[in-house]
Student: 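I am attaching a structure below and will ask some questions about it afterwards.
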Amino acid sequence: QTDIQFWHAMGGRLGEVVEEIATKYNESQDTYNLVPTYKGGYEDTMTAGIAAFRAKQQPNIIQIFDAGAATIINAKGATIPVADLMTEHAGGFDSADYIEGVRYFYADSDGKMIGMPFNSSTPLLYWNKDIFAEVGIDAPPATWEEFEAMAPKFKEAGYQALAQSHSPWIFAENFHSRHNLQMATANNGYDSTDVEILYNNDAMKMHWGKVKAWLDEGYYGHYGREWGANQDAFVQKKTAMWMGSSGSFGGLTTSADFQFGASYLPYWTSVIDEPKGTFIGGAALFAMAGKSDEENAGTADFLKFLTSPEMQYFWHKETGYVPITNAAYEMAKADGYYETTPDAEVGILQLTQPGAEWTKGYRLGFYVQIREVMYAQFDNILSGSSDVDTAFDAIEEEANALLKRFNDSMN
Ligand SMILES: O=P(O)(O)OC[C@H](O)CO
C-alpha cells in the first residue's frame, strides 16, 4: 500500500469525523492508506505546511483555510492544481459540479480550481429557542435594527443578547459581502497583488461603534478572541444568540441541552435594502507538489472519494459544513434531510442568495496577519483604549503595509 499523508486542522468532533472518513476510505480499497494527522488550528497547520515544504517534508494533502488561500495559490510550484491532478489521475474534473460560491474562492485568476473545497462554511446566527420563548420573542432578528429593538428584553431577563466568534471573518469580511461593499481595491485583490484594503469605511465604522455600544449596554458578550469561549457562553445559556460557523451545527446538536435554531447573518437596512449572500468560509484541500506519480494518483483517488455525493452528504450531516457539490446538495434534499432538519439548510441557502459585485470572495496576501491586526484593534475598540476612527486608521495603515510587503515579495 502507498501511504497518503493528509494534514488537517479539524479538532474535536470535526476531527473524529475526519478519522471516520479516513477509515471508510481505507476500507473501501487496498491500494492506498490515507494517514490523517491533526496539526492544530488553521494557522498552525498552515505554518507547519510552509515549514515542511521548505524542508522537502511536505504531506500529500494539506488543509488551508480561506485566509491563507492567497498565500498558497500564489506560492509557485508548491501545489498541483486539483483541476490538473484530477484530470490526469481521476478521469476528469468539471468545476461546474461544485456549488457556485466555492468555484471562485479557491481558483486562480483564470478560473482554474487550485484547491479542492472540502469544509465549506458560512457564518450563521444561532438562537436559543427556549430563551426566546421565555422573553416572548418568536423569531431571531433579520436585521441589526431588529436586534437593537429586542436586545433590552434579553437583558431584562438576565441574559446577554449576543456573543460572537471570529470577528474578522464575521464582522469584517462577511459584513462586506452581506452588504455588497468592496473590501479591497483591484477587485477585492483578485486582479492584482498591488492592492489596498478598504475597511476604513463609514458602514464598517458605524457597525463597530454599535458593537461597542451594545457591549457597554450589556447586550453583547465579549469572551475574548477564542472561538470556543464565545460558543461556550451560548451553550451555557449566558447569551440568547451566538454567531459562529455553520460547521458548528453538528457539535451544537450534542453540546446544547436546549432547542436552538440557525438563521441568516443580520444586516443593516440603513446600509442595504436587499442583503446579499456571504463568502464561502472554512478551508480547502491542496495537493502538494514534489510527490511521485503513484502518490499523486492516491491523492486524486482520495479526493474523488471525498467529494462523492455520499461522502459529502455524510460530512454535511455530521458537521454542518455545506455540501460542496450540486449532487450532494440534491442528495440531501431527495433524502428529506431538510424536511426533518430545516435549520441545516440555512447555511447553503445563505451562500446561494443572489450574488452581486462584491460577494465572490477576496484574494489578499498576508491576510492571516491582517486578521491579527484586526483582532488587536477590535479589542482596543471594545476595551475603550481606542475610538473607532483611530482603530480603523490603524487597521488601514498596518494592513496596507502587509499587502505592500506581500506584493514586493511577488515581484
Ligand atoms: O470555522 P470554519 O471552518 O467554518 O472557518 C471559519 C473561517 O472561514 C476561518 O477563516
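Numbering of ligands and ligand atoms starts at 1, following listing order. In this text, all values refer to a predicted model and were calculated from it rather than measured experimentally.
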Student: I'd like to check which ligand 1 atoms, numbered from 1 as shown, lie under 4.0 Å from a non-hydrogen atom of S245.
Tutor: 1 (O), 2 (P), 4 (O)
Student: Taking the six-membered ring of Y220, is NZ or CZ of K210 closer than 6.0 Å to its centre and within 45° of its axis?
Tutor: no
Student: From atom 6 (C) of ligand 1, work out which of F118, W169, F65 has a heavy atom at the shortest distance.
Tutor: W169
Student: As a test of understanding, state which of F118, F65, Y362 forms a ring-ring contact (aromatic ring centres under 6.0 Å, His included) with F105.
Tutor: Y362
Student: Do K404 and F406 meet the cation-pi criteria used here (NZ or CZ under 6.0 Å from the six-membered ring centre, within 45° of the axis)?
Tutor: no
Student: Considering only heavy atoms, does R371 approach ligand 1 within less than 4.0 Å through its side chain, its backbone, both, or neither?
Tutor: side chain
Student: What atoms of ligand 1 come closer than 4.0 angstrom to any heavy atom of H166?
Tutor: 9 (C), 10 (O)
Student: Tell me the contacting part of A67 for ligand 1: side chain, backbone, both, or neither, using a 4.0 Å heavy-atom threshold, strictly below.
Tutor: neither
Student: Considering heavy atoms of the protein only, find what lies nearest to atom 2 (P) of ligand 1 and give residue, atom and distance to 0.1 Å.
Tutor: Y321 OH, 3.5 Å
Student: Short N/O distance, under 3.5 Å, between G282 and ligand 1?
Tutor: yes
Student: Between F234 and Y126, what is the ring plane arrangement, given parallel below 30°, perpendicular above 60°, and tilted in between?
Tutor: tilted
Student: Show me which atoms of ligand 1 lie under 4.0 Å from any heavy atom of Y42.
Tutor: 2 (P), 3 (O), 5 (O), 9 (C)
Student: Would R103 and Y98 count as a cation-pi pair here, with the cationic atom under 6.0 angstrom from the ring centre and within 45° of the axis?
Tutor: no
Student: For Y104 and Y190, take the angle between the two ring planes, folded into 0 to 90°, and tell me which bin it lands in: parallel under 30, tilted 30 to 60, perpendicular over 60.
Tutor: tilted
Student: Under 4.0 Å from any heavy atom of W227, which atoms of ligand 1 are there?
Tutor: 1 (O)
Student: Run I21 and L306 through side chain to side chain contact (heavy atoms under 4.5 Å, CB included) and show every step you take.
Tutor: CA-CA 8 Å; I21 289 176; L306 185 65; 3.8 Å; yes
Student: When you measure from atom 10 (O) of ligand 1 to every protein heavy atom, which one gives the shortest distance, and what is it?
Tutor: D66 OD1, 2.5 Å
Student: Which atoms of ligand 1 are found less than 4.0 Å from any heavy atom of G281?
Tutor: 8 (O)
Student: Going by atom types alone, do N26 and T23 pair a side-chain donor with an acceptor below 3.5 Å?
Tutor: no
